[in-house]
Amino acid sequence: QVQLVESGGGLVQPGGSLRLSCAASGITISQYIMRWYRQAPGMERDVVAMITPAGGTNYANSVNGRFTISSDNAKNTMHLQMNSLQPEDTAVYYCSADQLGGRGGYWGQGTQVTVSS
């Protein structure tokens, strides 16, 4: 069965860094469009970053220049390196995998990131 498992969240001070991981099983991530989303309390779930099977990336304006998405295909794991974290980055972060052609996809369970002094 398909599983996406996020890890690496936690509590960090403003200006700090965290590296999130999304370990996949049951699918090969190099065949999917992979995304990181986040959802803050009372807010919509918004896309943060995306990586395509060809290696192309896109970022939300709010994180561009601070976050880096990457895929380790040998380990079938996606990462999100988050630098210069600010309180407004506080949210539950989710990974997703979408099939090419819009045939559906999968979600992880989420990992909490809290940025606070």
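Here the closest heavy-atom approach between residue A24 and residue I29 is recorded as CB-CG2, 3.4 Å. Across every non-hydrogen atom of A40 and A91, the tightest pair is N-CB, 3.8 Å. Heavy atoms only, all atoms of each residue included: G110 and V92 are closest at CA-CG1, 3.9 Å. C95 approaches L4 most closely through the heavy-atom pair SG-CB, 3.7 Å. Among all heavy-atom pairs drawn from S71 and I51, the shortest one is OG-CG2, 3.6 Å. Contact between V113 and G9 at its shortest, heavy atoms only, is CG2-CA, 4.1 Å.
By the 4.5 Å heavy-atom criterion applied to side chains, N76 and S25 are not counted as neighbours. The side-chain heavy atoms of M82 and L20, taken from C-beta on, include a pair separated by under 4.5 Å.
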- Determine, step by step, whether V115 and E88 satisfy the side chain to side chain contact (heavy atoms under 4.5 Å, CB included) criterion, reporting the C-alpha distance in whole Å, the side-chain angles of both residues, the deciding distance to 0.1 Å, and the verdict. CA-CA 8 Å; V115 185; E88 52 264 39; over 6 Å; no

- Let me see the working for S17 and V12 under side chain to side chain contact (heavy atoms under 4.5 Å, CB included), right down to the final yes or no. CA-CA 7 Å; S17 297; V12 65; over 6 Å; no

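For residues 73-105, no residue pair satisfies the ring pair (Phe, Tyr, Trp, His ring centres under 6.0 Å) rule, not counting sequence neighbours. Pairs passing the ring pair (Phe, Tyr, Trp, His ring centres under 6.0 Å) check and including a residue from residues 22-56, sequence neighbours excluded, read Y37-W107.
Annotation: E44, atom CD; neighbour count of heavy atoms from other residues, nucleotides and ligands within 6.0 Å does not exceed 12.
Of the possible donor and acceptor atoms, one in the side chain of E6 sits under 3.5 Å from a partner among the backbone N and O of Q109. Between the side chain of Q81 and the backbone N or O of R19 there is no donor-acceptor pair closer than 3.5 Å.
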May I have the list of side-chain donor-acceptor pairs in residues 59-67 shorter than 3.5 Å, sequence neighbours left out?
{"residue": "Y59", "atom": "OH", "partner": "I69", "partner atom": "N", "Å": "2.9"}
{"residue": "S62", "atom": "OG", "partner": "R38", "partner atom": "NH2", "Å": "3.3"}
{"residue": "R66", "atom": "NH1", "partner": "S84", "partner atom": "O", "Å": "3.0"}
{"residue": "R66", "atom": "NH1", "partner": "D89", "partner atom": "OD2", "Å": "2.8"}
{"residue": "R66", "atom": "NH2", "partner": "S62", "partner atom": "O", "Å": "2.8"}
{"residue": "R66", "atom": "NH2", "partner": "D89", "partner atom": "OD1", "Å": "3.0"}

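Taking the salt bridge (charged side-chain N to carboxylate O under 4.0 Å, His left out) definition, one finds that D98 meets it with R35, sequence neighbours left out. Here Q3 pairs with nothing under the side-chain hydrogen bond (donor to acceptor under 3.5 Å, both in side chains) rule; sequence neighbours left out.
The hydrophobic cluster containing I33 also includes M50, L100, under a criterion of side-chain heavy atoms closer than 4.5 Å among ILVMFWY residues, counted directly or through chains of members.
Linking Ile, Leu, Val, Met, Phe, Trp and Tyr whenever their side-chain heavy atoms come within less than 4.5 Å puts M34 and V2 in one cluster.
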